[in-house]
**Student:** 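Dumping the structure here so I can ask a few things about it.
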Number of protein chains: 2
Amino acid sequence: MARTLEFDYDTTLDRATRLFWKSGYAGTSLRDLLKEMGIGESSFYNTLKSKKRAYLECLKHYNETVARKRSKVFLEAPTAALGVRALFKNMLESLDNPDTPSVICMMAGSLTHEVLDEAELREYIEGQISTLQDKMIARMNADKRDGLLAAGFEPQLVVPVVSTYMQGLWRMALVSYDRSRFEQQIEVFLTGLGL
Amino acid sequence: MARTLEFDYDTTLDRATRLFWKSGYAGTSLRDLLKEMGIGESSFYNTLKSKKRAYLECLKHYNETVARKRSKVFLEAPTAALGVRALFKNMLESLDNPDTPSVICMMAGSLTHEVLDEAELREYIEGQISTLQDKMIARMNADKRDGLLAAGFEPQLVVPVVSTYMQGLWRMALVSYDRSRFEQQIEVFLTGLGL
DNA sequence: TTCATTATGTATCGAGTGCTACAGATAGTC
DNA sequence: GACTATCTGTAGCACTCGATACATAATGAA
């Protein structure tokens, strides 16, 4: 009934995601984006509606790929404590991997001044963070019942701390990253919390 | 011998600082800046040299005022442990204070993608962070000798963790801030580290 | 006063911004 | 082929960006 899309949407979105991830929202111009995606303005505004919406779409795509793997890494570990450790290990591997677009997680990188003005984006990020936190809390509570975590250990209090600390690590990596130092401080952090 | 400045440099820089602090580097246009400062292009480029240099100058100004008070808050506490607690309290007060330009510390807010491309800025931030960390470590070591901190407590390992966690808190506050929740997780964090 | 020096206001630069209008190309339906 | 519907390339929109050119105004030393 009508003309078909000439480009593959998923591939294109993936490329856009890598660019946004690397340079952030403000640091990525529409021209850069189009060049990377290999499409023209018309195709862009036809599928995605604006730059802002495109960013949100890319962030969702990021979550369904990279971030999804992370939560899988956590959930598939034999215990919650090991799961948290696996999360940090995954983070360090990402930092060491030269193929990673940016030194910072796209979700973490999205927590900027600009976010405050974009309600939809902020709410999405907020939701994603709390969803992951809930998964971690649930898993820890299960471990607690199984006696894998101390009776005094309180997941709903500890998890936000872990989550917040990770945000900090992503940021710190921007200014100076040294694997062994990071491993060292992560160890201090985790043992302090009883993980 | 020559014409004198018609505006007060310090006042003007202070205004610029508050604007940069509030909206970030990319989020602040030169026009906004000039309007807030109450000067023209000529005066701006005569004293500060470029927008980038202006931002760095403002960040330094921020450190000499706001951040300086913070480190004072830490150093003047009776013990290092109380000093760290005072730091977090100061942070919460800043978050609660409606007169604070931004919900995020300007130093923390400067840790963005853009920073990576600006060597001078990055090095400055790096230096400031490690300077504060060194002060904290020194103070803790003194407390340790005085028996105010456990013998097993290792300042050079713990301080980076505290520093990183604070960065994370500033970021988290951007998306959702609740004082009592923050107090709660800070308490969990600190007691875990033995502070 | 003369003069060099610096400060300021105005106008504008060229480049880049996100975005849109519009004509033409491509598809399925009749 | 005619018709409708969607896609795409090109050109350009109105605007903002950071930065600059230049004439003019103020200052103090000679």
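Every chain is numbered from 1, with letters handed out A, B, ... down the list of sequences.
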**Student:** So which atom in A:Trp21 and which in A:Ile104 form the shortest heavy-atom distance, rounded to 0.1 Å?
**Tutor:**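 Minimum heavy-atom contact is NE1-O, 2.7 Å.
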**Student:** Would you mind writing out the side-chain donor-acceptor pairs for residues 146-158 of chain A within the sub-3.5 Å range, not counting sequence neighbours?
**Tutor:**
none

**Student:** So, taking the atom named OG1 in A:Thr65 and the one named CE in A:Met106, what distance separates them when rounded to the nearest 0.5 Å?
**Tutor:**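 Going from OG1 on A:Thr65 over to CE on A:Met106, the span is 9.5 Å.
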**Student:** Among residues at least two apart in sequence or on other chains, which ones pass ring pair (Phe, Tyr, Trp, His ring centres under 6.0 Å) with B:Phe7?
**Tutor:**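 For B:Phe7 there are no ring pair (Phe, Tyr, Trp, His ring centres under 6.0 Å) partners, ignoring immediate neighbours.
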**Student:** For DNA chain D, find the residues of residues 37-46 of chain A with a heavy-atom distance under 4.0 Å and give them by number; none if there aren't any.
**Tutor:**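 The stretch gives A:Gly40, A:Glu41, A:Ser42, A:Ser43, A:Asn46 as the residues lying under 4.0 Å from the strand, ordered by number.
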**Student:** Using a 6.0 Å cut-off, check whether atom NZ of A:Lys22 has over 12 heavy atoms from anything other than its own residue.
**Tutor:**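 At most 12 heavy atoms, drawn from other residues, nucleotides or ligands, come within 6.0 Å of this atom.
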**Student:** Measure from CG on B:Leu48 to P on D:dG18 and round the result to the nearest Å.
**Tutor:**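 Nearest whole value for this atom pair: 14 Å.
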**Student:** To the nearest Å, give me how far apart NZ (A:Lys35) and P (D:dG9) are.
**Tutor:**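 Rounded to the whole Å, the gap is 16 Å.
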**Student:** Sequence neighbours excluded and cut-off under 3.5 Å, please list the side-chain donor-acceptor pairs for residues 167-176 of chain B, or say none.
**Tutor:**
residue, atom, partner, partner atom, Å
B:Arg171, NH1, A:Leu111, O, 2.4
B:Arg171, NH2, B:Ala108, O, 2.8
B:Arg171, NH2, B:Leu111, O, 3.4

**Student:** Does A:Ser163 have any side-chain hydrogen bond (donor to acceptor under 3.5 Å, both in side chains) partners at least two apart in sequence or in another chain, and if so, which?
**Tutor:**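 side-chain hydrogen bond (donor to acceptor under 3.5 Å, both in side chains) list for A:Ser163, sorted by chain: A:Gln133.
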**Student:** Nearest 0.5 Å please: distance from the CD atom of B:Glu57 over to the OG1 atom of B:Thr17.
**Tutor:**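 The CD atom of B:Glu57 sits 9.0 Å away from the OG1 atom of B:Thr17.
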**Student:** Pull out every residue in residues 111-119 of chain A that has a heavy atom closer than 4.0 Å to any atom of DNA chain C, ordered by number, or say none.
**Tutor:**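 Close to the strand, none.
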**Student:** Can A:Val162 be reached from A:Val73 by stepping across I, L, V, M, F, W or Y side chains whose heavy atoms are under 4.5 Å apart?
**Tutor:**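 No: no chain of side-chain contacts under 4.5 Å links A:Val73 to A:Val162.
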**Student:** Do any of residues 15-32 of chain B sit with a heavy atom less than 4.0 Å from DNA chain D, and if so which?
**Tutor:**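 Here the set is B:Thr28, B:Ser29, B:Leu30, B:Arg31.
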**Student:** Rounded off to whole Å, could you give me the CG-to-C1' distance for the B:Leu34 and D:dA19 pair?
**Tutor:**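 From B:Leu34 CG to D:dA19 C1': 11 Å.
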**Student:** Minimum heavy-atom separation for A:Leu48 and A:Ala54, please, with both atom names.
**Tutor:**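 Smallest heavy-atom distance, with atoms named: CD1-CB, 3.9 Å.
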**Student:** Would you grab the first and last nucleotide of DNA chain C (5' to 3') that comes under 4.0 Å of any non-hydrogen atom in chain A?
**Tutor:**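 It runs C:dT17 to C:dG28.
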**Student:** Apply ring pair (Phe, Tyr, Trp, His ring centres under 6.0 Å) to B:Tyr55 and list each qualifying residue two or more places apart in sequence or on a separate chain.
**Tutor:**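 With sequence neighbours excluded, B:Tyr55 shows a ring pair (Phe, Tyr, Trp, His ring centres under 6.0 Å) to B:Phe20, B:Tyr25, given in chain and number order.
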**Student:** State the OH-CZ distance between B:Tyr62 and B:Arg68, to the nearest 0.5 angstrom.
**Tutor:**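 Output value for this atom pair is 14.5 Å.
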**Student:** State plainly whether the residues B:Arg139 and B:Asp143 are in salt-bridge range, i.e. N to O under 4.0 Å.
**Tutor:**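 Yes, charged N to carboxylate O under 4.0 Å.
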**Student:** Kindly give the atom pairs (protein nitrogen or oxygen, nucleotide nitrogen or oxygen) under 3.5 Å for nucleotides 28-30 of chain D.
**Tutor:**
residue, atom, partner, partner atom, Å
D:dG28, O4', B:Met1, N, 2.3
D:dG28, O3', B:Met1, N, 3.4

**Student:** Mind listing the side-chain donor-acceptor pairs of residues 78-98 of chain B below 3.5 Å, one per line with the distance, residues two or more places apart or on another chain?
**Tutor:**
residue, atom, partner, partner atom, Å
B:Thr79, OG1, B:Leu82, N, 3.1
B:Arg85, NH1, B:Leu195, O, 2.8
B:Arg85, NH2, B:Glu187, OE1, 2.9
B:Arg85, NH2, B:Glu187, OE2, 2.5
B:Asn90, OD1, B:Arg70, NE, 2.9
B:Asp96, OD1, B:Tyr177, OH, 3.2
B:Asp96, OD2, B:Tyr177, OH, 3.4
B:Asp96, OD2, B:Arg179, NH1, 2.4
B:Asn97, OD1, B:Asp99, N, 2.8

**Student:** Give me each pair satisfying ring pair (Phe, Tyr, Trp, His ring centres under 6.0 Å) with a member in residues 107-149 of chain A, each pair once, sequence neighbours excluded.
**Tutor:**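 Listed once each, the pairs would be none.
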**Student:** Of A:Arg3 and B:Lys51, whose nearest nucleotide on DNA chain D comes first from the 5' end?
**Tutor:**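 That would be A:Arg3.
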